[in-house]
Amino acid sequence: MKTIDYIVSYLRENLSEKRYNHSLGCAKTAKKLAGIYNQDENKAYLAALVHDCAKNFSDEKLINILREEIKTGFLESELKNPKTYHAIVGAYIIQKEFEIDDSMIISAVRNHTIGKTNMSLFDKIIFLADKIEPNSRDEKYTKKIWRILDKNKGVIGLDIALLVCFIETIKSLVKRKLYICPATIDVYNELQEHVGDFLDLE
Ligand code: DGI
Ligand code: FE
Ligand code: FE
């Protein structure tokens with residue numbers, strides 16, 4: 001693996017200041033969540049730090065890397081909204097550019113946007129950290145998620161919090177009349193069946 005210094009300077013060069021700060025906030029939040037759910041804190045910090053490494057690539061560059069370099073391992077339904085490309089490309093860039101070969105980190109980066117059914121605990125931590133980091137996410141929303149985690153100890157709380165995130169994302173996509181990846185709907189249904197009854201509909 002390349003050094004942290006190398007990774008940080010790559011991120012500084014390739015991300016906007018706002019996105020770089022989001023990544024730092026996400027890394028800190030992921031580390032904290034990893035501590036709560038008994039996962040490797042340093043690994044969580046690193047995965048979250050690099051999760052959006054391809055976020056500020058142009059759509060043209062993203063599609064070019066997808067079609068010419070990555071080629072397989074994604075569905076056409078994942079290519080309907082360019083906003084989701086950076087997760088697939090990010091998982092590729094961290095391997096190629098940062099020489100990260102840890103499958104947990106690669107999976108967490110790959111799945112941090114549309115999600116997937118049967119996510120690992122580590123995937124869930126990075127997914128949630130991305131949605132509740134303090135530097136760019138709305139405080140009212142992050143407080144609500146932390147309340148859920150405090151009230152519901154163990155992985156069940158994480159699943160309830162994720163369900164809230166998926167509900168918010170789906171609502172926002174519908175409001176903007178955007179396509180929703182089937183994977184996102186599948187995760188929503190999986191969580192709805194699993195913890196839907198625990199959700200306090202405020
Ligand atoms: O990269 P971030 O802004 O930190 O967060 P993200 O990777 O979760 O979000 C990327 C964007 O992708 C967000 O505006 C919602 C959008 N998006 C587009 N289509 C889908 C989608 N998100 C999900 N979950 N599912 C979709 O089908
Ligand atoms: Fe992202
Ligand atoms: Fe992000």
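We count ligands from 1, going down the list as the structure has it; atoms in each ligand are counted the same way. From a predicted model like this one, the values you see are computed outputs, not experimental measurements.
Atom numbering of ligand 1 starts at 1 in the shown order; those under 4.0 Å from a heavy atom of I180 are 27 (O). For ligand 1, the atoms sitting less than 4.0 Å from at least one non-hydrogen atom of D52 are 1 (O), 2 (P), 4 (O), numbered in the order shown with element in parentheses. The distance from ligand 1 to the heavy atoms of K131 drops below 4.0 Å at these ligand atoms: 8 (O). For ligand 1, the atoms lying closer than 4.0 Å to a non-hydrogen atom of C181 are 26 (C), 27 (O). Within ligand 1, counting atoms from 1 as listed, the ones closer than 4.0 Å to a heavy atom of T184 are 23 (C), 24 (N), 25 (N), 26 (C), 27 (O). Atoms of ligand 1 found under 4.0 Å from any heavy atom of T84 (numbered from 1 in listed order, with element): 17 (N), 18 (C), 19 (N), 20 (C), 21 (C).
In summary, no N, O or S atom of C26 is located under 2.8 Å from the Fe ion (ligand 3).
Close placement of the F127 and F166 rings is indicated, their centers lying within 6.0 Å of each other.
Evaluated by nearest non-hydrogen atom to atom 12 (O) of ligand 1, the leading choice among R19, H86, K83, H22 is K83. For atom 4 (O) of ligand 1, the nearest non-hydrogen atom from the set R137, E78, E168, K80 belongs to R137.
Between E97 and I7 there is no side-chain heavy-atom pair separated by less than 4.5 Å. The side-chain heavy atoms of E78 and L75, taken from C-beta on, include a pair separated by under 4.5 Å. The side-chain heavy atoms of F57 and H86, taken from C-beta on, include no pair separated by under 4.5 Å.
Taking 4.0 Å as the cut-off, L178 does not count as a neighbour of ligand 1 on heavy-atom distance.
Between the NE2 atom of H112 and the OD1 atom of D52, the angle centred on the Fe ion (ligand 2) amounts to 90° when rounded to 10°.
Between N81 and T84, the side chains place no donor N or O within less than 3.5 Å of an acceptor N or O (distance only, hydrogens not considered). Counted by atom type alone, S172 and R176 present one or more donor-acceptor pairs between their side chains at under 3.5 Å. A side-chain N or O of Y92 and one of E69 form a donor-acceptor pair less than 3.5 Å apart.
At the shortest separation from atom 22 (N) of ligand 1 among protein heavy atoms lies T169 CG2, 3.8 Å. The nearest protein atom to atom 7 (O) of ligand 1, hydrogens excluded, is given as T113 OG1, 2.7 Å; this is a heavy-atom distance. At the top of the distance list for atom 1 (O) of ligand 1, counting protein heavy atoms only, stands K55 NZ, 2.8 Å.
For H22, the N, O or S atom with the smallest separation from the Fe ion (ligand 3) is NE2. Checked against the Fe ion (ligand 3), the N, O or S atom of D130 at the shortest distance is OD1. Note on H51: its N/O/S atom closest to the Fe ion (ligand 3) is NE2.
Within 6.0 Å of atom NZ in K2, more than 12 heavy atoms from other residues, nucleotides or ligands are found, so the atom counts as buried in its surroundings.
Looking at N81 against ligand 1, only its side chain comes within 4.0 Å, counting heavy atoms.
Residue-to-ligand polar distances place H112 within reach of ligand 1: an N/O pair is separated by less than 3.5 Å.
Cluster annotation: I167 and L162 are assigned to the same hydrophobic cluster (Ile/Leu/Val/Met/Phe/Trp/Tyr, side-chain heavy-atom contacts under 4.5 Å, transitive).
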Salt bridge (Lys or Arg N to Asp or Glu O under 4.0 Å) evaluation trace for E168 with K131: CA-CA 10 Å; E168 288 307 316; K131 310 302 176 276; over 6 Å; no

